[in-house]
Amino acid sequence: MAVRATVTRFPIDVESLEESGLPWGVTVSPFAAKDENGNPPVYGSEGHLLPRCENCWAYYNTYCEQEQWAWTCSLCGTLNGLSSQSVSRYSQPESCPENISSFIDLELPIEESEEMQARPVYVAAVDLASSEEFLELVKSALLAALEALGPESLFGLATFSHKIGLYDVQGPIPVVKNVFIPYDSDGTLSMELQDVMPLSSFLAPVDTCKDRIASALETLRPTTSWERTSGAGQGLDGVFLGGRGFGSAMEALFNYIGSEYGNTFALARVFAFLSGAPDIGAGQLDTRRYGEQYASRREDADRALLPEQTPFYKDLAAVAVQSGVCVDIFAVTNEYTDLASLKFLSIESGGSLFLYTSTDDSTLPQDMYRMLSRPYAFNCVLRLRTSSEFQQSHSYGHFFPDPQYENVQHIICCDSFATYAYDFEFANNSGFSRHTSELPMLQIAFQYTVVVPPDELANAGSNTTTRAKHSLKKRLRIRTLQFGVGHSINEIYDCVDSEVVLSLLVHKVILASLEQGVREGRMLLHDWLVILTAQYNDACKLIQSGHGGSSGVHIDVAFSQCPQLQPLPRLVFALLRNPLLRLHEEGVHPDYRIYLQCLSSALEPSSLSRAVYPLLTSYASPDKQAYPRHSLSRAALITSGSPIFFLDAFTNLIVFYSSTADPSLPFPPPQDCLLRTTINKLKQERCITPKLSFIKGGQDDATAFENYLIEEQDVEGSGFTSVMGFVSFLEEINQSTLEYLK
């Protein structure tokens, strides 16, 4: 569980927080195997015996003061009694994880009702209203997925177009049974899927049926337009009425699989492969709104294209959750598919949303394999508690709030990369005390379930291996942190983590974009930097005025006296240049923007920072690094004099050989060199597969590389600056700050 704060010393009161101009909050990656410093938790058992505070329900931890029969809560200060069982436990404190470390992971007992066959279930739902190229890519992805799945897993193959197809691969040859999807938006299927094929025939064990599943994949063919029109019914005057009944197919699948939830499986994952917008049956989407000319009507196209056009998929996500299903959507299309409406099905059911604009260089097979190879937790509950002086004001991330309890979040499926963010505010005007030794406390509790394969049980000394079945393990992970207090603005500025500040800003501008449009998100970000610059200069001016007053007004827009704040102007400039916040008329596809919103709001701070402001390094040769970091400008390329540049933009990795590079340097770099080792390490550490490309300056088209050299580019097509580059952006911030200070 990695926890990072915007400032490691918290502001002492409301006035101090406002004077700093900084967001105050944390990011949390609850299922990360280690903390932010690389330390693992101390593992233990009997999590249900851990004492809890009678007042705030916080868990006992190393910061609590303990007497023989009582303990004082480190968060709210309440004195709590200890049971005789706890007293005997704590008579040997070194034997209990909660007395050894403030980061613990304890096993919880599984209730009898939860004891079940815990076989992992995976279902692929493939769009047949597609092309041969699309299906070839999906086949490759599913073959990669089969290699990553454990032998005990169950796998089902379904297809959708104007009909739903269910495959039985357990016999000598694959058998497919179909049911037609009614054309109307409220049309229900003529029969339940359970009546089309029993679930036991549909879900095949991977260990014995892998080859047959592969054979079934080979039979997948796109539906012809003739099939679709005859199946969906010829429209008026023979007009083709489409044929991708995605919503109806998903709804039917969830009800079908959900009948065995809690019996055969504890979590089912559905992989939905989509090649365009749903156009028949329930949840059909009207893609004509993308073609409308908003400019001629003086409307903000982004405000029209970013909200969902139907609540259907949001409601369907709730059905998925009730059925124990988590949905991952893989959209492979360059047409408008309205991901603004579809995204809820994935993010609210605990899944991911992937977008590939082309089948040619798609990393879909690698992403599938990577996603299924890493451990994940499910049925998770996340709860953040604070000491009494401050409280959580907002939470951000792909979870859904508990309908009953405040500040409790449910996460259906969570991997080690998934990250959530929280904003803080003071509970009252008094803030933290200047005179006592009590410091701000934060406790994060994360209850989760994992499926443990039989071999791990054997290693743990369990005797259940005779049945060789997967089993469920329920665990409670708790992290308690103590923070310092900044008694002056300078103390706060000296302990800023700019990457976490960026994370909170990204969450806020995404929210503003969705609610009020992209222009509003841009203005929010711009105004924030102006206010921060003003507050910082104000703090420095106060220091100067102590030395006989300040002469004239000089605005320091580069934060030259504070190294921790210096990355922020570049990060804000880069974020304004990012497709997340570029305007619709600049050619940003609304589906790509939605994909970036979903990706950015789940990334941990370092990855997000890399995605917003890529890292450019230079190499003297493939085996020798020249400089670890350059600014993203052509000037940096020319002045460095290095022959090889490596750009890491998180989703893209580019190796660029300058046109003046020595022709004897091997191109592309050989597999056993330092540069390749660096690239391979980065690819292994990513949650998604970055696209790798090699460009030879002077010979290849270098546009892909040059587009990332943003510091000489205009911050936007119109608005804040009409001159080029980062330097003029700083001049504009300087002017705006002077006006703000007036």
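Just so you know, these numbers come straight off a predicted model, no measurement behind them.
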Q: Quickly, which of Tyr376, Phe378, Phe31 forms a ring-ring contact (aromatic ring centres under 6.0 Å, His included) with Tyr448? Name it, please.
A: Phe31
(Q) Between Val332 and Ser275, is the side-chain contact (heavy atoms from CB on, under 4.5 Å) condition met? List the steps. (A) CA-CA 5 Å; Val332 187; Ser275 71; 5.7 Å; no
(Q) For Leu339, is there any backbone N or O sitting under 3.5 Å from a side-chain donor or acceptor partner on Asp591? (A) yes
Q | Heavy-atom check, side chain of Tyr167 versus side chain of Leu220, under 4.5 Å | A | yes
Q.
Salt bridge check, Arg686 against Asp648: does any charged N sit closer than 4.0 Å to a carboxylate O?
A. yes
Q.
Using side-chain heavy atoms (C-beta onward) and a distance below 4.5 Å, is Leu580 in contact with Ser600?
A. yes
Q.
Determine whether a donor-acceptor pair (N or O, by modelled atom type, separation under 3.5 Å) exists between the side chain of Asn578 and the backbone of Val612.
A. no
Q.
Could you check, using the six-membered ring where one of them is a Trp, whether Tyr313 and Phe344 have ring centers closer than 6.0 angstrom?
A. no
Q: Would you check if the side chain of Asp402 reaches a backbone N or O of Gln409 as a donor-acceptor pair within less than 3.5 Å?
A: no
Q. Do we see a donor-acceptor contact under 3.5 Å between the side chains of Ser607 and Glu604?
A. yes
Q. Considering only heavy atoms from C-beta outward, does the side chain of Ser349 approach that of Val325 to under 4.5 Å?
A. no
(Q) Checking the side chain of Arg244 only, and the main-chain atoms of Ala277 only, is there a donor and an acceptor separated by less than 3.5 Å? (A) yes
Q: Establish, yes or no, whether the cationic atom of Arg374 lies under 6.0 Å from the six-membered ring centre of Phe417 and within 45° of the ring axis.
A: no
Q. Ser346 side chain to Ile329 main-chain N or O, any donor-acceptor pair under 3.5 Å?
A. no
Q) Hey, are the side chains of Leu154 and Pro205 touching, using non-hydrogen atoms and a 4.5 Å cut-off? A) yes
(Q) Show the nearest heavy-atom pair for residues Lys473 and Val452, with the distance to one decimal. (A) CG-CG2, 3.3 Å
Q) Are side-chain N/O atoms of Gln309 and Asp338 paired as donor and acceptor at under 3.5 Å? A) yes
Q | Residue pair Val270 / Ile257, side-chain heavy-atom distance below 4.5 Å | A | yes
Q. Is the backbone N or O of Arg593 less than 3.5 Å from a side-chain atom of Arg582, with the two atoms forming a donor-acceptor pair by type?
A. no
Q | Beyond-backbone contact of Asn334 with Ser358, side-chain heavy atoms, under 4.5 angstrom | A | no
(Q) Students often mix this up, so state it plainly: with edges at 30° and 60°, are the rings of Phe202 and Tyr256 parallel, tilted or perpendicular? (A) tilted
Q) With a 4.5 Å limit on heavy-atom distance, are the side chains of Leu306 and Gln597 in contact? A) yes
Q: Please report the closest heavy-atom contact between Gln170 and Cys209, naming both atoms and the distance.
A: CG-SG, 4.1 Å
Q: Measure from the ring center of Phe273 to the ring center of Phe330 and say whether it is less than 6.0 Å.
A: yes
(Q) Looking at every heavy atom in both Glu152 and Pro120, which two are closest together, and how far apart are they? (A) O-CD, 4.4 Å
**Q.** Side chains of Pro182 and Leu189 in contact at under 4.5 Å (non-hydrogen atoms)
**A.** yes
Q | Side-chain ion pair, Asp168 and Lys177, N-O less than 4.0 Å | A | no
